[in-house]
Amino acid sequence: MANSEMLNKIENGQGFIAALDQSGGSTPKALAGYGIGEDSFSNDDEMFGLIHKMRSRIITAPSFGSGKVIGAILFEKTMNGEADGKPVPEALWDRGVVPFLKVDKGLADEENGVQLMKPIPDLDEQCKNAVAKGMFGTKMRSVINKANAKGIAANVAQQFEFGKQILSHGLVPIIEPEVNIKSDERAECDKILLGELTKQLDALADDQRVMLKLSIPVEPNLYKSLIDHPKVVRLVALSGGYSTEDACAELSKNEGMIASFSRGLLQDLRVSQSDEEFDAVLGGAIDQIYRASIA
């Protein structure tokens with residue numbers, strides 16, 4: 001079963017979850033935003049070494065342990081690495097930050113207006129390793145581009161199928177069927193998604209609870225019934241490409257929804273900043289996202 005202290009922190013803690021799980025194709029973009037170009041590495045090992053240094057700098061910054069960040073989503077290599085001389089999950093929990101592992105393998109091609117997740121053949125192995133490392137839960141992302149009822153139903157069904165497999169290992173899955181904020185059918189996507197999520201949540205066993213990570217809905221408080229659902233530990237919002245300011249403004253319209261931002265947290269951090277400057281910028285973003293999450 002999930003660590004009860006971690007469960008209490010995630011379910012009742014005041015704050016938000018940091019998304020530090022860029023992997024594969026998104027890593028060069030994350031490094032570029034940090035001020036490290038592709039000419040700074042010549043292979044994947046060097047690239048992942050650089051992103052790990054960036055993440056370690058974030059995790060060990062004083063502002064990250066201020067109590068306003070209650071969770072962090074990690075890429076597998078980050079989970080297996082060290083920060084401040086300790087395994088990353090331990091270093092995070094020492095700061096009161098609950099660790100989650102990204103487990104998906106990326107997106108399949110679009111079909112019926114959605115992109116399902118690619119198969120995850122090593123999911124059981126990933127879960128066993130996560131438990132051994134002291135992780136609390138997992139995260140997996142799929143995408144909804146169009147208001148196609150058949151596609152959205154398949155998307156949510158896949159998320160819960162994997163979610164039940166993850167639950168069997170005593171981990172809490174974050175289910176993330178992201179609605180593309182650039183879709184011209186966003187509002188209808190939100191409503192269809194609400195119905196499919198409710199259906200799947202209602203079908204869970206009494207001892208099964210999940211987290212949800214969703215795009216901020218077009219209609220404020222549309223997901224209030226999900227926040228209140230007994231099978232939902234917490235509902236968190238993704239920034240979805242919004243700037244920090246815009247993501248926080250939209251989030252603050254939704255009572256009970258907290259942030260799980262990546263771009264919204266990291267957009268102004270640079271490798272060239274001194275440790276003091278870095279922490280000041282990070283702390284400013286943390287404060288802004290925290291305020292939106294408790295609004």
Side-chain angles (χ1 to χ4, degrees), residues 2-22 30 33-34 49-102 130 133-139 171-172 174 211 213 233-234 236-239 244 247-248 251 257-295:
N3 180 309
S4 59
E5 285 183 69
M6 291 184 179
L7 176 61
N8 182 60
K9 181 85 173 193
I10 291 299
E11 189 166 18
N12 302 308
Q14 292 285 299
F16 68 94
I17 295 174
L20 305 176
D21 58 327
Q22 302 90 352
Y34 185 49
L50 289 167
I51 198 79
H52 184 73
K53 284 184 180 179
M54 183 188 87
R55 290 171 177 152
S56 296
R57 194 180 187 194
I58 293 165
I59 290 165
T60 57
S63 58
F64 199 80
S66 64
K68 296 173 181 177
V69 181
I70 62 172
I73 303 167
L74 308 176
F75 176 50
E76 186 176 22
K77 286 182 182 292
T78 309
M79 178 187 76
N80 291 332
E82 292 192 349
D84 206 18
K86 301 174 184 177
V88 169
E90 181 184 338
L92 283 169
W93 186 229
D94 283 350
R95 291 165 171 77
V97 179
V98 177
F100 295 81
L101 173 66
K102 169 190 163 68
K133 294 281 186 179
M135 306 294 278
F136 172 77
T138 65
K139 191 216 78 160
L171 296 163
V172 176
I174 298 177
M211 294 175 64
K213 181 169 177 174
V233 175
R234 203 79 188 251
V236 304
L238 56 99
S239 50
T244 309
C248 288
L251 176 62
M257 199 174 193
I258 69 169
S260 177
F261 292 172
S262 174
R263 175 181 168 178
L265 177 65
L266 310 178
Q267 68 176 25
D268 295 321
L269 300 179
R270 301 292 182 269
V271 67
S272 58
Q273 291 163 340
S274 68
D275 287 346
E276 292 75 16
E277 291 169 334
F278 182 90
D279 188 55
V281 171
L282 178 63
I286 287 171
D287 288 346
Q288 187 176 7
I289 297 168
Y290 174 80
R291 286 193 299 271
S293 294
I294 64 170

Exercise for the section: May I have the step-by-step check of side chain to side chain contact (heavy atoms under 4.5 Å, CB included) for Val69 and Leu265, ending in yes or no? Expected result: CA-CA 11 Å; Val69 181; Leu265 177 65; 6.0 Å; no

Practice task
Check the pair Val233 / Leu7 against side chain to side chain contact (heavy atoms under 4.5 Å, CB included), numbers first and verdict last.
Solution key: CA-CA 8 Å; Val233 175; Leu7 176 61; 3.9 Å; yes

Practice task
Could you check Phe261 against Thr244 for side chain to side chain contact (heavy atoms under 4.5 Å, CB included), going step by step and ending with a plain yes or no?
Solution key: CA-CA 9 Å; Phe261 292 172; Thr244 309; 5.7 Å; no

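A distance-only check finds no donor-acceptor pair linking the side chain of Ser56 to the backbone of Lys53 [under 3.5 Å].
Counting heavy atoms from C-beta outward, Phe100 and Phe136 have side chains that approach closer than 4.5 Å. Contact check for Trp93 versus Val98: side-chain heavy atoms found under the 4.5 Å cut-off. Considering only heavy atoms from C-beta on, Ile73 stays 4.5 Å or farther from Leu101 through its side chain. Residues Leu251 and Met257 meet the side-chain proximity criterion, which asks for heavy atoms closer than 4.5 Å. Residues Arg57 and Asp275 have side chains in contact (heavy-atom distance under 4.5 Å, counting atoms from C-beta outward).
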Result block: side-chain N/O donor-acceptor pairs under 3.5 angstrom for residues 79-92, not counting sequence neighbours:
| residue | atom | partner | partner atom | Å |
| --- | --- | --- | --- | --- |
| Asn80 | ND2 | Glu76 | O | 3.4 |
| Asp84 | OD2 | Arg95 | NH2 | 3.2 |
| Lys86 | NZ | Asp94 | OD2 | 2.6 |

Tabulate below the donor-acceptor pairs under 3.5 Å that side-chain atoms of residues 285-295 make, not counting sequence neighbours, or state none.
| residue | atom | partner | partner atom | Å |
| --- | --- | --- | --- | --- |
| Asp287 | OD1 | Lys68 | NZ | 2.7 |
| Ser293 | OG | Ala259 | N | 3.1 |
| Ser293 | OG | Ile289 | O | 2.9 |

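Considering NZ of Lys139 and CG of Asp21, their distance stands at 4.0 Å, rounded to 0.5 Å. To the nearest 0.5 Å, the span separating OG on Ser4 from CD on Glu11 amounts to 11.5 Å. How far OG1 of Thr60 is from CZ of Arg55: 14.0 Å, rounded to the nearest 0.5 Å. Distance CZ/Phe278 to CD1/Ile58: 5.0 Å, rounded to 0.5 Å. Here the straight-line distance linking atom OG1 of Thr138 with atom CG of Leu74 works out to 12.0 Å at 0.5 Å rounding. The structure places CG of Leu282 at 5.5 Å from CG of Leu269, a figure rounded to the nearest 0.5 Å.
Partners of Arg263 by salt bridge (Lys or Arg N to Asp or Glu O under 4.0 Å), not counting sequence neighbours: none found. Here Arg234 pairs with nothing under the side-chain hydrogen bond (donor to acceptor under 3.5 Å, both in side chains) rule; sequence neighbours left out. Applying the side-chain hydrogen bond (donor to acceptor under 3.5 Å, both in side chains) rule to Lys213 yields the partners Ser260; only residues at least two apart in sequence or on another chain are considered. With sequence neighbours excluded, no residue satisfies side-chain hydrogen bond (donor to acceptor under 3.5 Å, both in side chains) with Ser239.
Gly13 and Ile70 make their closest contact through O-CD1, 4.0 Å (heavy atoms, listed as atom of the first residue, atom of the second, distance). Contact record, Leu20 with Ala72: CD1-CB, 4.4 Å, taken as the closest heavy-atom pair. Counting all heavy atoms, side chain and backbone alike, Ile51 lies closest to Ala30 at CD1-CB, 3.9 Å.
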